[in-house]
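Let me begin by presenting the structure, written as structure tokens, before commenting on it.
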Amino acid sequence: MKLFVLILITSLRFLQINSSASSQTFNVLDYGAVGDGNTEDTQAFLDAWKAACKSSNSKTSPIMLVPGGKSFLLQPFTLDGHDCKSTKTNIISIVIDGELIAPKDRWAWKYEGKECRQWILLKHMKGLVVKGSGSINAQGNSWWDLCTNEEKVCTRRPTSLILEDSDKVHIKNLAFKDSPQMHMAIESSKYVYIKNLYIEAPGDSPNTDGIHIQRSKKVSISRSSIRTGDDCISIGDGSYRINISKIACGPGHGISIGSLGKHGDHETVEFVHVKDVTFTDTTNGFRIKTWQTSAVKISNVSYNRISGTSRSKIAVNLVCSETKPCRNILMKDIKLESIIQDEEEKEDITSSLCENVVDGHKIGSVIPNVPCLKKMN
Ligand SMILES: *[C@@H]1O[C@H](CO)[C@@H](O)[C@H](O)[C@H]1NC(C)=O
Ligand SMILES: *[C@@H]1O[C@H](CO)[C@@H](O)[C@H](O)[C@H]1NC(C)=O
């Protein structure tokens with residue numbers, strides 16, 4: 001009996017020590033959020049964040065919690081990590097199990113000024129995890145017919161979530177729905193890991209890219225399903241070391257680098273790896289889009305083990321700049337056949353375009369044939 005009590009006490013003490021050293025939870029409901037889908041809960045989110053951020057230090061990993069089973073109506077807001085004290089091992093988490101919604105009618109969005117850049121802005125984060133079983137639904141339908149010169153409230157459609165000037169951020173398991181424009185943009189950030197997202201908007205909604213990356217390095221996007229009206233993933237200038245893998249893309253416009261060099265500007269994108277992607281009902285697969293200027297030079301691109309069907313006749317389109325040709329292009333084991341089932345017609349139906357490619361090679365079987373690539377073994 002004595003022994004039992006002793007064990008009990010020890011384990012209680014152990015528990016206590018454990019809980020004081022671990023995470024403290026800041027539930028938005030405790031900061032006045034209602035979560036009925038009608039009451040604006042923006043201030044409660046800001047207050048819960050402020051408390052979580054303030055409590056962060058080398059010993060705690062605070063959690064800002066958005067509980068499940070509720071819907072939180074939010075005006076455009078910013079969570080700024082500038083004054084948080086998160087470290088490599090003690091990072092702040094935002095757990096979103098509920099639904100975040102924006103005002104359904106675009107006239108009801110409250111903006112200061114007409115530069116309507118985003119709905120949710122996360123900036124200056126140093127060590128942050130955003131995760132949960134919840135969803136981020138901007139209910140963007142009312143924005144999709146906005147003409148850019150219509151300037152009563154906004155001169156452009158906002159992006160749902162922007163992560164900016166941040167370092168070591170994980171975003172995982174969430175669903176994004178119906179953004180007015182892009183669903184997520186990663187800007188001027190590094191070490192960003194995105195996993196298990198589900199992003200969905202109608203295939204005919206305008207510019208609703210899934211994830212856009214700009215001026216960022218060491219970004220990984222994996223195991224996600226993206227179905228939207230524009231690029232599933234797009235990579236803009238100043239981006240380096242981007243890994244994309246295990247993505248189900250479509251409907252949408254595919255995965256793109258660019259457009260680069262619009263005003264003849266010097267813009268760079270380097271070390272992009274895309275693998276294990278399934279495109280379904282997309283207008284394109286992989287694209288590198290550049291303007292016809294001398295500012296952009298494309299080199300060292302390899303296409304490896306790509307197979308499927310194409311609705312358009314030209315399945316491979318390598319149209320490079322006259323002044324700066326594409327260099328060192330490799331295609332290996334490519335099979336893009338026509339979607340047309342007729343066996344007799346099929347062979348001739350897909351074709352390729354190839355202009356201004358130097359040092360282009362092919363290995364294995366490349367269908368359709370790309371005559372400007374030299375055969376290599
Ligand atoms: C990208 O992939 C390469 C090779 O698999 C790996 O070495 C690198 O760490 C990855 N980078 C990121 C940001 O995940
Ligand atoms: C392209 O590859 C060649 C060798 O295959 C290498 O020498 C060159 O530095 C590479 N260029 C870039 C921009 O990575």
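Remember, it's 1-based here, ligands and their atoms both numbered in the order they're listed. Please read all numbers here as calculations on a predicted model, not as lab measurements.
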Residues lining ligand 1 [heavy-atom distance under 4.0 Å, listed by chain and residue number]: K218, V219, S220, N243
W49 side chain vs G81 backbone, donor-acceptor pair below 3.5 Å: no
Residue N328 vicinity, atoms of ligand 2 by number, heavy atom under 4.0 Å: 2 (O), 5 (O)
Atoms in ligand 2 with a heavy atom of N300 nearer than 4.0 Å: 1 (C), 2 (O), 3 (C), 8 (C), 10 (C), 11 (N), 12 (C), 14 (O)
Test side-chain hydrogen bond (donor to acceptor under 3.5 Å, both in side chains) applied to E164 and K123, R117, R215, the passing residue: R117
Summary of ring pair (Phe, Tyr, Trp, His ring centres under 6.0 Å) pairs that have at least one residue in residues 163-205, sequence neighbours excluded: H170-Y193
Between T208 and D230: side-chain donor-acceptor atoms closer than 3.5 Å: no
All pairs passing side-chain hydrogen bond (donor to acceptor under 3.5 Å, both in side chains) where residues 65-76 contributes a residue, at least two apart: E40-Q75, S71-E99
side-chain hydrogen bond (donor to acceptor under 3.5 Å, both in side chains) contacts in which one or both residues fall within residues 126-137, not counting sequence neighbours: D97-S133
Shared hydrophobic cluster for V357 and L330 (ILVMFWY, side-chain gaps under 4.5 Å): no
